[in-house]
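Before any comments, here is the structure.
Labels below follow one simple rule: chain letters A, B, ... track the order of the sequence lines, proteins then strands, and each chain is numbered from 1. None of the values given here were measured: they were computed from a predicted structure.
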Amino acid sequence: MTIRLYDSAARQVRDFCPLVPGKVGMYVCGLTVQSEPHVGHVRSGVNFDVLRRWFEASGYQVDFIRNITDIDDKILTKSADQSRHWYNLAYDMSIQLDKAYDALNVAPPTYEPAATGHIPEMIEMITDLIDRGHAYPAPDDTGDVYFDVLSWAGYGELTGQRVDDMEPAGDADPRGKRDPRDFALWKGRKDSEPQTASWPSPWGPGRPGWHIECSAMALKYLGSAFDIHGGGVDLRFPHHENEQAQSRAAGHDFANYWMHNAWITTAGEKMSKSLGNTLSIPSVLTRVRGIELRFYLVAAHYRSHVEFSFEALDEAAAGFQRIEHFLTRARDVLGEIALADLEKLPEDFRAAMDDDLGTPAAVAVIYDEVREGNKALADNAEDVAERAARVRAMLAVLGLDPLDPHWAESGNGTADKLTAALDVLLTQLLEQRAQARAAKDFAAADAIRDQIKSAGIEIVDTPTGSQWNVI
RNA sequence: GGUGGGUUGGCCGAGAGGCGAGGCAACGGACUGCAAAUCCGUAUACACGGGUUCAAAUCCCGUACCCACCUCCA
């Protein structure tokens, strides 16, 4: 069975053929840590986490590099506005980002390199580009170094654009450029910028341009050629176009496949422009749990534009709870639920995932299994066990297994203790209600049920007795 | 101006020539003391106009509207 992926460079779905059999090297552009992470930011994290998990489930050994860019124009501007050190802002935001990823069960990558830790590697690559005639230091005294776009015939091929149709790059003062579309590899330090934001280089003190860090870090950790490069669609141009141009101009094959996830918008606007912090991860998590937000993101195809709404988010949460309830009831019957072997994943599920990560169809398979499992709950424990194990395994591939300890609310066992304490109290109440029902004192029975419900706990009556769930 | 994507039922969201993905909500039924949960069933779709075809939501042509990128962006 072959995994097929949409390669945005080829603009079509291609069979995935790894450069080294059994191994995958993937590089994903993480964030520029300049503001609090919101729902849009983490979509990319979740989507590529699912891809990574599917590769691993399919038997690949994955080397997954996801960088953070911790120095750039915006970090300097914003930190100055907030009267704080730029590195404090970047560090603070990277901590927030880690928390957001953790809240959504986005597994840490193999390594998360930061741009500022790789200045020598970047300088080396820039030097190489100058030696090869594809870059030049600005002739003025700015200390800038530019990539020479016209010297590289392949420029524009990733995004299917002709250089003549492009607008000039605005990332630096254009006076030193040979061509207005040339982009900065190195930015000479300006007097207005903090000393701490500059590094020595053959061209004087300065800092890296925006794109070079990814080329340098991908080269260092994944080698001259690697399998997959990913990121949000907005990065296709200029970021990825420029990365590919500079890496190939420096003699590297670079990425074999390019994958881009689509946007999440609100009210038709992309999130980076709108709504401030109302859609920050901590804020959204006051409304739904992390696992529900992740389900919302996974239930849509990664290349589909998602129009975010709280109504749709609530719907997704309700839908996910149906899956969870099946597992809860199955566990009550079975004691515990095994995790099915990956070879036993339903064929439809595998086929959906192999087809360019068809998570919507994969989720539909989970619902089919849940429906059949719910039926079996009445009289066929063996069937329940098999189906529940498959549901868990499918959810685990999507990072959505509710029984994964990652989702436990606290790491110190408090949640378990509280659950045990509640169970003691509720068992007594349920016993009282059972006696009332047996005596046909339904008013008393319903009063107990209402009281429990007002505490946010629902009662599920089954032929073998009553159970409780926190709603 | 250049490049790419989209418009599917009350809502979300798949699919890509023939059998109505799935979910949420709604309605009817089963179960229940009544509910809840669960199961069974029901209805409501492919932006518009042409064309190709035995057959089009799907392919082609045209139109409308929306969105993204064109050097800040996940």
For nucleotides 8-14 of chain B, print each protein N/O atom paired with a nucleotide N/O atom at under 3.5 Å, atom names and distance only.
from: B/C11; atom 1: O2; to: A/E315; atom 2: OE2; distance (Å): 3.2
from: B/A14; atom 1: OP1; to: A/H301; atom 2: N; distance (Å): 2.8
from: B/A14; atom 1: OP1; to: A/S304; atom 2: OG; distance (Å): 3.0

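- The two residues A/D70 and A/I75 make their nearest non-hydrogen contact at C-CD1, 3.4 Å.
- Put simply, A/R449 has no side-chain N or O that comes within less than 4.0 Å of OP1 or OP2 on B/A35.
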Enumerate donor-acceptor pairs with a distance under 3.5 Å from any side-chain N or O in residues 444-456 of chain A to protein atoms, sequence neighbours excluded.
from: A/D446; atom 1: OD1; to: A/R449; atom 2: NH2; distance (Å): 3.4
from: A/S454; atom 1: OG; to: A/Q451; atom 2: O; distance (Å): 2.7

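- In this pair, A/Y367 does not lay its aromatic ring on the base of B/G22; centres under 5.5 Å and planes under 30 degrees do not both hold.
- Counting non-hydrogen atoms under 4.0 angstrom, A/N469 reaches nothing in the nucleic acid.
- Checked against B/A74, B/C39, B/U71, the side chain of A/D234 finds its nearest nucleotide in B/A74.
- Within the nucleic acid shown, A/D446 comes within 4.0 Å of at least one base atom, counting heavy atoms only.
- The gap from the C1' atom of B/C27 to that of B/G10 amounts to 13 Å, rounded to the nearest Å.
- Taking every side-chain heavy atom of A/W263 into account, B/A74 is the closest of B/C24, B/A74, B/U71.
- Going from atom CH2 of A/W468 over to atom P of B/A37 covers 18 Å, rounded to whole Å.
- Computed from coordinates, the A/M93 CE to B/C72 P distance equals 21 Å when rounded to whole Å.
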Counting only pairs under 3.5 Å, give me each side-chain donor-acceptor contact of residues 368-376 of chain A, with atom names and distances, residues two or more places apart or in other chains.
from: A/D368; atom 1: OD1; to: A/R371; atom 2: NH2; distance (Å): 3.3
from: A/E369; atom 1: OE1; to: A/R390; atom 2: NE; distance (Å): 3.1
from: A/E369; atom 1: OE2; to: A/R387; atom 2: NH1; distance (Å): 2.5
from: A/E369; atom 1: OE2; to: A/R390; atom 2: NH2; distance (Å): 3.3
from: A/E372; atom 1: OE2; to: A/K375; atom 2: NZ; distance (Å): 3.3
from: A/N374; atom 1: OD1; to: A/R329; atom 2: NH2; distance (Å): 2.6
from: A/N374; atom 1: ND2; to: A/V370; atom 2: O; distance (Å): 3.4

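- Within the 3.5 Å criterion, the main-chain N or O of A/L279 finds no donor-acceptor partner in the side chain of A/S283.
- Across B/U71, B/A74, B/G33, the shortest atom-to-atom separation from the side chain of A/P238 is found for B/U71.
- Using a distance-only test at 3.5 Å, with no hydrogens or angles considered, no donor-acceptor pair links the side chain of A/D461 to the main chain of A/S466.
- Nearer the 5' end of RNA chain B, as judged by each residue's closest nucleotide, is the contact made by A/V149, out of A/G231 and A/V149.
- Residue A/L235 is classed as a sugar-phosphate contact, given heavy-atom separations below 4.0 Å to backbone atoms only.
- Nucleic acid contact for A/E458: sugar-phosphate only, since backbone atoms but no base atoms lie under 4.0 Å from a heavy atom of the residue.
- One interatomic measurement links the two molecules: CZ of A/F320 to C1' of B/G23, which rounds to 13 Å at whole-angstrom precision.
- B/G62 and B/C24 have their C1' atoms separated by 37 Å, given to the nearest Å.
- No engagement by A/G45 is indicated, since no non-hydrogen atom pair under 4.0 Å with the nucleic acid exists.
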Subject >> RNA chain B base-pair string [pairs: Watson-Crick or G-U under 3.5 Å; |: paired with another strand] >> reply: (((((((..(((.....[...))).(((((.......)))))....(((((..]....))))))))))))....
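- Looking at heavy-atom distances under 4.0 Å, A/D461 makes contact with a base.
- Taking atom CG of A/D144 as the reference point, atom C1' of B/U71 lies 14 Å away to the nearest angstrom.
- Among the atoms of the strands shown, only primed sugar atoms or phosphate atoms (P, OP1, OP2) are found under 4.0 Å from some heavy atom of A/K375.
- Atom CZ in A/R437 sits about 13 Å away from atom P in B/A35, given to the nearest Å.
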Donor-acceptor pairs are to be reported for all side-chain atoms of residues 100-111 of chain A against protein atoms at under 3.5 Å, with residues two or more places apart or in another chain.
from: A/N105; atom 1: ND2; to: A/G399; atom 2: O; distance (Å): 3.1
from: A/T110; atom 1: OG1; to: A/F64; atom 2: N; distance (Å): 2.7
from: A/T110; atom 1: OG1; to: A/F64; atom 2: O; distance (Å): 3.3

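- For A/N374, a side-chain nitrogen or oxygen approaches OP1 or OP2 of B/C39 to under 4.0 Å.
- The side chain of A/R322 sits closest to B/C39 out of B/C39, B/A36, B/U71.
- Remark: aromatic rings of A/F308 and A/Y296 are close, center separation under 6.0 Å.
- Nucleotides B/C19 and B/A56, compared at atom P, are 10 Å apart to the nearest Å.
- Nearest nucleotide to the side chain of A/H41, out of B/C40, B/A36, B/A74: B/A74.
- One can place CG of A/D182 at 11 Å from C1' of B/U71, the figure rounded to the nearest angstrom.
- Taking atom CD of residue A/Q435 and atom P of nucleotide B/G33, one finds them 18 Å apart after rounding to whole Å.
- Taking atom NE2 of A/H240 as the reference point, atom C1' of B/C70 lies 16 Å away to the nearest angstrom.
- For A/E292, the side chain to side chain donor-acceptor pair (under 3.5 Å) criterion is met by A/R289, A/Q321, not counting sequence neighbours.
- Checked by atom type and distance alone, the side chain of A/S79 pairs as donor or acceptor with a backbone atom of A/L76 at under 3.5 Å.
- The same atom, P, is picked in B/C54 and in B/C46; the two are 24 Å apart, to the nearest Å.
- A/E157 and A/R162 are not joined by a salt bridge, as no carboxylate oxygen comes within less than 4.0 angstrom of a charged side-chain nitrogen.
- The A/D72 side chain lies nearest to B/C72 when the options are B/U38, B/C72, B/A74.
- Base contact: A/Y155 has a heavy atom under 4.0 Å from a base atom.
- Among the nucleotides B/G22, B/A74, B/G33, the one closest to any side-chain atom of A/Q34 is B/A74.
- Looking at A/R43, its side chain does come within 3.5 Å of a backbone N or O of A/A262 through a donor-acceptor pair.
- With ring centers used as reference points, A/W263 lies 6.0 Å or more from A/H305.
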